[in-house]
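A quick note: this is a predicted structure, and the numbers were derived from the prediction, not measured. All heavy atoms count here, side chains included; hydrogens, waters and symmetry mates do not.
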Amino acid sequence: QNWGAISRRLAQELERDVYSVDQRNHGDSGHLGPHTYEAMSADLVRFIEDHGLDAPILMGHSMGGKVVMRTALERPDLVSQLIVDDMVPAEFHLHHDFKGYVFKLLEIEAANVASQKDMDQMLADVEPDLSIRQFLLTNMKKSKDPVGATEVRGAYRSRIPLKLLGDSLRNMTAWDAPDDLVYDGPTLFIAGTKSPYIKPYAYPAMNRLFPNNAIEELDTGHWVHAEKPREFMDLVVQFIQKNQPTNTS
C-alpha cells in the first residue's frame, strides 16, 4: 500500500514490471500469525515462484528490509539485486515509537473517527512530522459495513491487524537468519542520516553477509522513501541501471 506511487514511477522510469507486495498483516494481504521474518520470507519466496518471476530485484523498508535481506541470504538463486531502505541485519531495540503508532491508531478506531483531518490531529500526538503521519494513515480506510454495535458507517478502520502487530513488535526487533549465509549480489543500503539504524555498529554484519554492498545516505529520519521520494527513487534507479546485466548479443 505505502509503495504504490513509488512503484508506479519506478516502473515507468526503469521500463520494467514492479510488484508492490503487501506482507502478511499488511495492506490487503491476509491477517494471520505467526508474524515472524521466517514466515514473511517464506511468503515472499512463494510469491516469486507462484508468479514465475525470473531473478527479481528485491527492495524493502524497515521490517520489509529484514524480510528481503533474509530472502536474499536463504535463496540467493532467486535474487538479482537487493535494496534495503534504512534497516540492518541485526537485532536492536525499537528506536521509533512504533508501539505508540499502534496504540494511537487503535484509539482512532475506537473513537469512530470519520475525517482525515481528525485522524491527523490525533496522530500528531505521537508523530510531529506531517509526511510520516500521511504515510502511516495510508493504512486506514473508511468502513462501508459496520461490524458490531459500536462501529459507525464511514468511520476509519485499519487495513492491518493492529493488535496482532502490536503483540509481535518483539519479533520485529529480532534478527535470527542463519549466520553462515552470504548474499554476494549487488546490494544497496539507503540510510536516513537522522535515523539510528544504518550506523558503524552494523557495518561488520552488513559487510560479512552482503560483501558486495554500497551505502547511500539521505537527510531524513527512518521513513526515507516517504520523506524524500524523489531523491530515494534517483538512488534506486541509478543503482539498478548500474548493476543490470548488459546485453552483449
Problem set entry | Heavy-atom pair of closest approach, residues His51 and Tyr19 | CD2-CE2, 4.4 Å

Exercise. Is there a donor-acceptor contact under 3.5 Å from the side chain of Tyr183 to the main chain of Val79?
Worked result: yes

Exercise. What distance separates Gln241 CD from Glu13 CD, expressed to the nearest 0.5 Å?
Worked result: 8.5 Å

For this session: Would you mind reporting whether Met233 and His225 have side-chain heavy atoms less than 4.5 Å apart?
Result: no

Exercise. Given Asn212 and Thr187, is the side chain to side chain donor-acceptor pair (under 3.5 Å) satisfied, shown in steps?
Worked result: CA-CA 6 Å; Asn212 186 16; Thr187 301; over 6 Å; no

Problem set entry | Side-chain touch Leu136/Trp223, heavy atoms, less than 4.5 angstrom | yes

Seminar exercise, completed: Separation between CG (Asp184) and CG (Leu82), nearest 0.5 Å, reads 11.5 Å

Problem set entry | Distance, nearest 0.5 Å, that separates NZ of Lys66 from OG1 of Thr36 | 12.5 Å

Problem set entry | Heavy-atom pair of closest approach, residues Ala191 and Ile198 | CB-CB, 3.6 Å

Exercise. Same hydrophobic cluster for Ile48 and Leu181, using side-chain heavy-atom links shorter than 4.5 Å among ILVMFWY?
Worked result: yes

Seminar exercise, completed: Partner of Val88 under side-chain contact (heavy atoms from CB on, under 4.5 Å), picked from Lys199, Met206, Met69, is Met206

Problem set entry | In one Ile/Leu/Val/Met/Phe/Trp/Tyr side-chain cluster, 4.5 Å: Val84, Tyr201 | yes

For this session: With rounding to the nearest 0.5 Å, note down the distance linking CG in Leu188 to CD1 in Ile215.
Result: 9.0 Å

Problem set entry | Reported CG-to-CG distance for the pair Leu137 and Leu105, which is rounded to 0.5 angstrom | 7.0 Å

For this session: Taking the side chain as every heavy atom from C-beta outward, state whether Leu14 and Ile240 have any pair of such atoms under 4.5 Å apart.
Result: yes

Seminar exercise, completed: Closest heavy-atom pair, Arg157 versus Ser143, reported as atoms and distance to 0.1 Å, is CG-CB, 3.9 Å

Exercise. Do the side chains of Asp120 and Leu130 get nearer than 4.5 Å, heavy atoms only?
Worked result: yes

Problem set entry | Nearest heavy-atom neighbours spanning Gly221 and Glu227 | N-OE1, 3.1 Å

For this session: Verify the neighbour count for atom CD of Glu74: are there more than 12 heavy atoms of other residues, nucleotides or ligands below 6.0 Å?
Result: yes

Throw together a table of side-chain donor-acceptor distances under 3.5 angstrom for residues 53-64, partners on residues two or more places apart or in other chains.
| residue | atom | partner | partner atom | Å |
| --- | --- | --- | --- | --- |
| His61 | NE2 | His222 | O | 2.9 |
| Ser62 | OG | His222 | NE2 | 2.8 |

Exercise. Does CD belonging to Gln12 count more than 12 external heavy atoms closer than 6.0 Å?
Worked result: no

Exercise. Can you check whether Ile190 reaches Asp86 side chain to side chain, under 4.5 Å on heavy atoms?
Worked result: no

Exercise. Is it true that Asp129 and Arg133 make a salt bridge, defined as a side-chain N closer than 4.0 Å to a carboxylate O?
Worked result: no

Exercise. Can a salt bridge be assigned to the pair Lys104 and Glu107 using a cut-off of 4.0 Å between side-chain N and carboxylate O?
Worked result: yes

Exercise. Is there side-chain contact between Asp179 and Arg208, with heavy atoms separated by less than 4.5 Å?
Worked result: yes

Exercise. Is there a donor-acceptor pair under 3.5 Å between the side chain of Ser41 and the backbone N or O of Tyr37?
Worked result: no

Exercise. Is any side-chain heavy atom of Leu10 closer than 4.5 Å to a side-chain heavy atom of Val236?
Worked result: yes

Problem set entry | Donor-acceptor pair between Tyr156 and Glu109 side chains, under 3.5 angstrom | no

Exercise. Which atoms form the tightest heavy-atom contact between Leu73 and Ala177, and what is the distance?
Worked result: CD1-CB, 4.5 Å

Seminar exercise, completed: With sequence neighbours left out, the residues meeting side-chain hydrogen bond (donor to acceptor under 3.5 Å, both in side chains) with Gln238 are none

Exercise. Side chain of Lys142, backbone of Ala114: donor and acceptor closer than 3.5 Å?
Worked result: yes

Exercise. Once you round to the nearest 0.5 Å, how far does CD of Gln134 lie from CD of Glu127?
Worked result: 11.5 Å

Exercise. Which atom pair, heavy atoms only, marks the closest approach of Pro186 to Ser80?
Worked result: CD-O, 3.4 Å

Problem set entry | Carboxylate-amine/guanidinium contact Asp219 Lys228, below 4.0 Å | no

Exercise. Does the pair Glu49/Arg75 count as a salt bridge with the N-to-O cut at 4.0 Å?
Worked result: yes

For this session: Compare all side-chain heavy atoms of Phe210 with those of Phe189 and state whether any distance is below 4.5 angstrom.
Result: yes

